Chemist: 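Please see the structure below; I have some questions.
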Number of protein chains: 2
Amino acid sequence: MTVDDLRRAPLLAGLTDEQLDALAAIAQPVLLPGAATIFRQGDPAEAFYLLAEGSVKVFKAFRDGRTATIRHVRTGETFGESVLFNDSYPAGAQTMEESRLYRLRSDDFRRLMLAEPELGLRIIAAMAHLLVMLNQRVEELLLPVPARLARFLLDLCSEQGSSTQCHLAIAKQELAARLGTVPETLSRTLNRFVRGGLIAVDGNTFEVLNRPALERLAQQ
Amino acid sequence: MTVDDLRRAPLLAGLTDEQLDALAAIAQPVLLPGAATIFRQGDPAEAFYLLAEGSVKVFKAFRDGRTATIRHVRTGETFGESVLFNDSYPAGAQTMEESRLYRLRSDDFRRLMLAEPELGLRIIAAMAHLLVMLNQRVEELLLPVPARLARFLLDLCSEQGSSTQCHLAIAKQELAARLGTVPETLSRTLNRFVRGGLIAVDGNTFEVLNRPALERLAQQ
DNA sequence: CGGCTCCTTGAGGTTAATCAATCCTGGTGG
DNA sequence: CCACCAGGATTGATTAACCTCAAGGAGCCG
């Protein structure tokens, strides 16, 4: 049911039932198969989306056809919100499996914001925060590949509650995309880490052997 | 006088005299010589600034000591505003000549925002817009140097009201920093444009000879 | 045991930084 | 009026990072 789906979105948490009803009135349900393009980088911005079920990735496309995954959207999260400030999408989005989402047209949403200032304030603040995050991700792409990989590994470990071990849930080629590089370079870089005694690799499980060196590398 | 200085800031335009007085009460005047560091990338974020007189540049620092100028701040503009969302500065700032500025401590400012919701709404919206701009600038650094230069030239021309001619007011090495590259590469790239018949150069004046090709280059 | 997909390894090419040398050009003092 | 000097601007040669293309493995399922 629409309102229940909306209530699960962190961006909308804490809204009153009336506000959610108003939102539900402008939310268009969409059902997409896997690997479907939702919007492309540079497309005129018309709407943003709430992911109710399934999974979606947001990515930047480069000149050379390479892509860097910016984030994996989780159930209940919104994406493409920057349409409210921008007139074209700053990144592309694609489903990774069959997904159910809601489309929120930006002019409908803007109209709603005028009627409900509280909603607007909440959205704008959340969005500013998102933009800061996005900015950090894009900035990371300016670092050399080894630094990006080191960051990722350290983050993954702390995310999984360990300071030395972590398990990679996605394929290495997905990781390469997430780091904005290609599988070959990822493979070579991992190899270099192993030869340098920084980490040990067993399949998709990693062990950090020399944390200080890895942290130094992650710096720059 | 403080209030007059504040009134000139686009971010604050349209505020009532009372609101400006309240702001003036928390604005600390600062006088700095040229080439002075205002804050460094990564410093804990405590305040943002309004430039009343002089000139300031905001820049990203790279691992290798290179820097990319993100923007040249003009009189009446604010910079470092992202402290309101971030707990450290995402870029560094430095005066380019003797400058007079006002320091606005972020917790003072936040307190003021709570008391004056209208002020908060205005600031947040303006800031979200700024963040989008910043994001675009950082993204540009992912493009190859010729694309960045092409963009810059086209922007400069349209900024100066001409579709074919423009004049560069800063030194070429400053332009190189603005493009996130080094003077040598800028020189070679300009040369390539000239040899390719894209532009003509006379000192610091440029003429666009083949706009479509330049626009194509700017794409990616 | 093919055939598949994913991963790795090697060779080569492109982009752009670095280092070093040279060339202007405008300002200064003789 | 001219020689000289300093900073900026150019040019050449070298180097580093990392992508591309191409060719092997390694595991896995029918």
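In the text below, chain A, chain B and the rest are named by the order of the sequence lines, each starting its count at 1. The structure presented is a predicted model; accordingly, all values stated were derived computationally and were not measured. As a basis for the values below, the full set of heavy atoms in this structure was taken, side chains included, without hydrogen atoms, waters or symmetry mates.
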Chemist: Judged by atom type as modelled, is there a donor-acceptor pair below 3.5 Å linking the side chain of A:E77 to the main-chain atoms of A:R74?
Modeler: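 Yes, the answer is positive, given that a donor and an acceptor are paired below the 3.5 Å cut-off.
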Chemist: How close or far is atom P of C:dA17 from atom CG of B:L141, stated in whole angstroms?
Modeler: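 Rounded to the whole Å, the gap is 11 Å.
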Chemist: Could you tell me if B:E81 and B:T78 have a donor-acceptor pair between their side chains, going purely by distance under 3.5 Å?
Modeler: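 Yes, side-chain donor-acceptor contact under 3.5 Å.
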Chemist: Given atom CZ of A:F206 and atom P of C:dC7, what is their separation to the nearest angstrom?
Modeler: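 It is 10 Å, rounded to the nearest whole Å.
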Chemist: Go through C:dC7, D:dA9, C:dA16 for me and flag the one nearest to the B:A171 side chain.
Modeler: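 So the nucleotide nearest the side chain must be D:dA9.
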Chemist: Please test A:L168 against A:T205 for side chain to side chain contact (heavy atoms under 4.5 Å, CB included), starting from the C-alpha separation and ending with a verdict.
Modeler: CA-CA 6 Å; A:L168 185 66; A:T205 302; over 6 Å; no
Chemist: What contact category does B:V182 fall into here, base, sugar-phosphate, or nothing, at under 4.0 angstrom with non-hydrogen atoms?
Modeler: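 B:V182: base contact, heavy atoms under 4.0 Å.
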Chemist: Would you tell me if any nitrogen or oxygen in the side chain of A:T181 comes within less than 4.0 Å of OP1 or OP2 on D:dC19?
Modeler: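 Affirmative; the distance criterion is met.
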Chemist: If I take atom CG in residue B:L143 and atom P in nucleotide C:dT15, what distance separates them, rounded to the nearest angstrom?
Modeler: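 It works out to 14 Å between those atoms.
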Chemist: Can you name the nearest heavy-atom pair linking B:Y89 to B:G80, along with the distance?
Modeler: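 Looking at all heavy atoms of both residues, the closest pair is CE2-O, 4.4 Å.
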Chemist: Using heavy atoms to find the nearest nucleotide of DNA chain D for A:P146 and A:E184 separately, return the residue whose nucleotide is more 5′.
Modeler: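 It is A:P146, whose closest nucleotide lies nearer the 5' terminus.
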Chemist: Tell me: CG of B:N204 to P of C:dC24, nearest whole Å?
Modeler: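 Rounded to whole Å, this separation is 17 Å.
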Chemist: As a test of reading the structure: which of C:dT8, D:dA9, C:dC6 is closest to the side chain of B:Q173, going by heavy atoms?
Modeler: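 Closest of the options to the side chain of B:Q173: D:dA9.
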Chemist: Judged by atom type as modelled, is there a donor-acceptor pair below 3.5 Å linking the side chain of A:K60 to the main-chain atoms of A:P90?
Modeler: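 Indeed, once roles are kept as given, a pair shorter than 3.5 Å links the two residues.
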Chemist: Quickly work out the A:L175 CG to C:dC7 C1' distance and round it to whole Å.
Modeler: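 It is 13 Å, rounded to the nearest whole Å.
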Chemist: Using a heavy-atom distance cut-off of less than 4.0 Å, which residues of residues 185-198 of chain B contact DNA chain C?
Modeler: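 Of all residues in residues 185-198 of chain B, the ones placing a heavy atom under 4.0 Å from DNA chain C are B:T185, B:R188.
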Chemist: What is the distance, to the nearest angstrom, from the NZ atom on B:K172 to the C1' atom on C:dC24?
Modeler: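 Whole-Å distance recorded here is 11 Å.
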Chemist: Expressed in angstrom and rounded to an integer, what is the separation of B:L149 atom CG from C:dT15 atom C1'?
Modeler: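 Atom CG in B:L149 sits about 15 Å away from atom C1' in C:dT15.
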Chemist: Would you be so kind as to tabulate the donor-acceptor pairs closer than 3.5 Å made by side chains of residues 28-46 of chain A, with sequence neighbours excluded?
Modeler:
unit_1, atom_1, unit_2, atom_2, d
A:Q28, OE1, A:R103, NE, 3.1
A:Q41, OE1, A:A61, N, 2.8
A:D43, OD2, A:R40, N, 2.9

Chemist: Can you give one letter per nucleotide of nucleotides 23-30 of chain D, 5' to 3': B if a protein heavy atom sits under 4.0 Å from the base, S if only from the sugar-phosphate, - if neither?
Modeler: --------
Chemist: Between the side-chain atoms of A:E174 and the base atoms of C:dC6, is any donor-acceptor pair under 3.5 Å?
Modeler: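 A donor-acceptor contact between them is absent.
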Chemist: Is the backbone of B:A218 close enough, under 3.5 Å, to the side chain of B:R151 for a donor and an acceptor to pair up by distance?
Modeler: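 Yes, B:R151 side chain to B:A218 backbone: donor-acceptor pair under 3.5 Å.
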Chemist: What is the distance, to the nearest angstrom, from the CG atom on A:L142 to the P atom on D:dA17?
Modeler: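 Checked: the CG to P distance equals 16 Å.
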Chemist: Flag the pair A:E215 and A:R211 as a salt bridge only when some basic side-chain nitrogen lies within less than 4.0 angstrom of an acidic carboxylate oxygen.
Modeler: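 Salt bridge present between A:E215 and A:R211.
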Chemist: Counting C-beta onward and ignoring hydrogens, is there a side-chain heavy-atom pair between A:L104 and A:L23 closer than 4.5 Å?
Modeler: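 In short, these two side chains touch, coming nearer than 4.5 Å.
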